Amino acid sequence: MSGVEAGEFKIVFTGPMGAGKTTAIAAISEVEPVRTEVENTDRVAHAKESTTVGFDFGRITLADGSVVRLYGTPGQMRYRFMWDILGRGAAGVIVLLDASAPGALVQLDVFVDAFIPHVAHGALVVGVGRTDVPNAPSTDAFAARLDARGIVAPVLSVDVRRQGDVMMLVRTLVCILDSIAHGADA
Amino acid sequence: MSKARPAKLSRELARKVLESFREVAGAQCAVLFSSDGFEIASYATDANASARFAAIGSSLAALGTALSTEAGLGEFGRVTIESEGGASQFIKLKLRAKPTKEDEEWSDWMTARERADLSPVPEGERIAVRYRVQPEE
């Protein structure tokens with residue numbers, strides 16, 4: 001995996017509006033994140049006060065000195081054009097989902113389909129929040145959804161407000177990237 | 001539609017204003033959109049394009065704001081994209097999604113110094129516009 005070998009690479013946080021992409025990047029970035037949030041005028045679609053319309057940007061340095069550039073996408077379908085722009089050159093993708101949101105399993109399909117073509121060898125991790133809400137699908141349901149489509153990717157329960165949870169997603173993705181790189185070397 | 005969205009009447013008024021771009025040589029599209037990328041009103045030779053321009057324009061405006069802030073350049077005003085076949089301009093109107101009494105006052109005059117193709121407008125031919133919010137009766 002050339003990005004890992006070069007010591008600097010890019011990962012993309014994506015997922016629907018309200019999944020916590022901006023919060024996740026802010027939770028771990030070692031620099032003040034670049035945000036492009038504006039007021040959300042469509043409170044019927046989502047109660048959030050603000051929404052990302054460009055991208056979020058942050059950066060972290062891993063223990064081995066690798067620098068990871070973190071990009072967060074807008075979540076709404078009308079910003080689909082930004083997904084392709086941000087997906088280009090990504091080493092891996094973290095899909096964030098709110099299990100309590102209507103159609104969360106369908107949203108998984110939408111974002112996996114949009115980003116899988118951008119990442120070599122399907123380097124993908126799924127982070128699911130609010131699985132404790134009654135009637136919300138479990139992480140197993142999301143994993144089964146991926147499995148049914150022949151996609152192998154870790155599905156982790158997360159609270160994106162917790163730095164440790166978000167770092168767990170990043171480290172899991174980095175492990176996948178390392179194994180891909182070593183597989184390629186073999 | 002949320003309460004914060006512009007009312008039908010004001011959309012119609014905005015559409016009529018934007019229709020005047022039909023008279024501007026070379027202008028293919030004029031869209032009024034919210035900062036979160038919703039088309040409010042438009043004039044476009046390709047009707048399907050205006051909603052996409054609204055979304056793209058809001059991203060560019062947000063990136064312009066982020067860049068201006070990052071560089072300490074003050075408040076974002078406009079983005080100009082120059083391309084082989086023409087130019088696009090995205091101009092920020094200082095209107096809140098939820099207007100207050102303050103927004104019923106006229107804005108400052110904005111004088112057009114460039115045409116749609118970015119060629120300069122001679123001083124004697126320059127037009128100026130201003131805007132304000134008018135509540136529905």
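Since the model is a prediction, treat every value here as computed from it, not as a measurement. To find a chain, count down the sequence lines: A is the first, B the second, and so on, and within it residues start at 1.
Note on ring orientation: taking the six-membered ring where Trp is involved, the planes of Phe115(A) and Phe111(A) are parallel (angle under 30°, cut-offs 30° and 60°).
Residue contact with chain B, scored on non-hydrogen atoms closer than 4.5 Å, is absent for Arg80(A). Leu60(B) does not touch chain A: none of its heavy atoms, backbone or side chain, sits under 4.5 Å away. Contacts of Ser58(B) with chain A are made by both backbone and side-chain atoms, with heavy-atom separations under 4.5 Å.
The pair Asp98(A)-Arg130(A) counts as a salt bridge, with a side-chain nitrogen and a carboxylate oxygen less than 4.0 angstrom apart. Contact check on Lys16(B) versus Glu19(B) returns no salt bridge, with no Lys/Arg side-chain nitrogen under 4.0 Å from an Asp/Glu carboxylate oxygen. Salt bridge present: Asp109(A) and Arg149(A) bring a charged side-chain N and a carboxylate O closer than 4.0 Å.
Interface summary for chain B: among Phe57(A), Phe55(A), Phe81(A), the most heavy-atom pairs under 4.5 angstrom belong to Phe81(A).
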